[in-house]
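Because the structure is a prediction, the values reported are computed rather than measured.
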Amino acid sequence: MPSLIVKVYSLLFKYNLNHRLQTLIQSPISHPFNGVVSRADESIITSNPSFSTDGVATKDLHIDSLTSLSLRIYLPQSALISLRNSESGEGVYGGYVPEKNGKNCKKLPVILQFHGGAWVTGGIDTVSNDVFCRKLAKSCDAIVIAVGYRLAPESRFPAAFEDGVAAIKWLGKQANLAECSRSCLDKRIVNGEKHRGRQIVDGFGASMVEPWLAAHLDPSRCVLLGVSCGANIANYVARYAVEAGKLLDPIKVVAQILMYPFFIGNIPTHSEMKLANSYLYDKATCILAWKLFLPETDFNLDHLAANPLKPGNEKPLDLKHMPPTLTVVAQYDWMRDRAIAYSEELRRVNVDAPLLDYKDAVHDFATLNVLQKTPKAQACLEDISIWVKKYISLRGNEFSY
């Protein structure tokens, strides 16, 4: 059984979440809004573009002026071949600035991360998400990019899914711009022309190349990771990447991790009946969250965003081309059955789709800040790191699981 601390915290958490959802339901949006919102009562951590604290530098970006879609980049110190000039204090960000010649820069895989929060809460700068992403970047030796997608009810479906697609498209654009920048720089060097480094601007003179990614990103090793409702977004982005194919080049999605995905459906499963009042997120409260997220006109828990294995006459999803998918579930999570069923369906079509089922664990056990120091949470992070390194390690250095 979960510890006493988890049980007490769960009661407070459920009360606060239910109160927040009821407030949002009773306070309809009086005017259209299409931007990212933040909840005032959530503790946040500001970005820090230096490696001085824990060996991970962070910076925040806004990549869409219409939606205010934001990202937080986590760059582990392992990206530096040498520590020389790693804290130059120069440049726009007042922190780490890559060397223009790329001599001190190591290429790393990238993990595109989507936070949880029942569609209505959470963000890239919340304490829980920031701590988790820092640990993930160090454990996997990868660049982590957390996506600050739009929240409900201000922005309902498909806003969050569109933001996930926009994020991976932006990543592909960055990879192409960086390559173009390098080609231009090489050409100038060959012709003996004076150059000012890697700088490409748009028609208004705004810089378009993100220097950390230009120096350190390996676009051929991209992993998607989603937490709770973020797992639904990650899975949608994975499907988009499969359908887009070469249109996403040079981005290659090599794997995805679904951490206790926020799946639901009209016909209750065994775990939904047995654990309906489970810890942290009970089923009744989560249905309120889905009512705030899904289209108001035709509310249906078998919506494809909620139930990827939707029954009925619709053409079933073609899962055989999905990337290798690791699914994490918890013993005391009412959503576990659907996550297990989805993992089984992936294995049925020969996708590498292992399932990690943690005993005595609850939903969000490895990502909620108050629980991240527990042995279970640490073991989960290690298990994720070991598995994902099968797909992000360079040839000849693969890990097995």
Between [X] and [Y], is any pair of side-chain heavy atoms under 4.5 Å apart?
X	Y	value
Asn277	Asp282	yes
Leu21	Val120	yes
Leu225	Val388	no
Ser3	Val6	yes
Lys252	Arg221	no
Tyr96	Pro49	no
His216	Lys107	no
Asn129	Cys133	yes

[atom1]-[atom2] distance between [X] and [Y], expressed to the nearest 0.5 angstrom:
X	Y	atom1	atom2	result
Asn369	Ser43	CG	OG	9.0 Å
Asp337	Leu275	CG	CG	8.0 Å
Leu292	Arg20	CG	CZ	12.0 Å
Ile143	Gln113	CD1	CD	15.0 Å
Ile73	Leu213	CD1	CG	4.0 Å

[X] (side chain) donor-acceptor with [Y] (main chain) under 3.5 angstrom:
X	Y	result
Asp218	Pro109	no
Ser10	Leu280	yes
Ser50	Asn48	no
Tyr260	Ala231	no
Ser385	Leu381	yes
Thr374	Leu371	yes
Ser271	Trp334	yes
Thr67	Leu69	yes
Arg336	Ala330	yes
Thr285	Tyr281	no

With a 6.0 Å cut-off (strictly less than), is the heavy-atom count around [atom1] of [X], excluding the residue itself, greater than 12?
X	atom1	value
Phe299	CZ	yes
Lys7	NZ	yes
Lys291	NZ	no
Lys283	NZ	yes
Ile5	CD1	no
Lys14	NZ	yes

Less than 4.0 Å between a side-chain N and a carboxylate O, is that true for [Y] and [X]?
X	Y	result
Asp130	Arg72	yes
Arg347	Asp352	no
Arg338	Glu272	yes

Does the Lys NZ or Arg CZ of Lys59 fall within the cation-pi geometry relative to Trp212 - under 6.0 Å from the ring centre and within 45° of the axis?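 Yes; both conditions hold, so Lys59 lies above the ring face of Trp212.
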
Does the ring centre of His115 sit less than 6.0 Å away from the ring centre of Tyr149? yes

Can the ring centroids of Tyr279 and Phe13 be said to lie less than 6.0 angstrom from one another? no

Criterion side chain to side chain contact (heavy atoms under 4.5 Å, CB included) on Val56 and Lys138, from CA distance to verdict: CA-CA 7 Å; Val56 177; Lys138 293 177 72 174; 3.3 Å; yes

What residues form a salt bridge (charged side-chain N to carboxylate O under 4.0 Å, His left out) with Glu162, not counting sequence neighbours?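 Arg150.
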
In terms of side-chain heavy atoms, does Asp383 have a donor or acceptor partner in Tyr358 at a distance below 3.5 Å? yes

Are Asn235 and Gln256 linked by a side-chain donor-acceptor pair shorter than 3.5 Å?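 There is such a pair between these side chains.
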
So among Phe157, Phe161, Phe114, which one has a ring-ring contact (aromatic ring centres under 6.0 Å, His included) with Tyr236?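 Among Phe157, Phe161, Phe114, the one meeting ring-ring contact (aromatic ring centres under 6.0 Å, His included) with Tyr236 is Phe161.
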
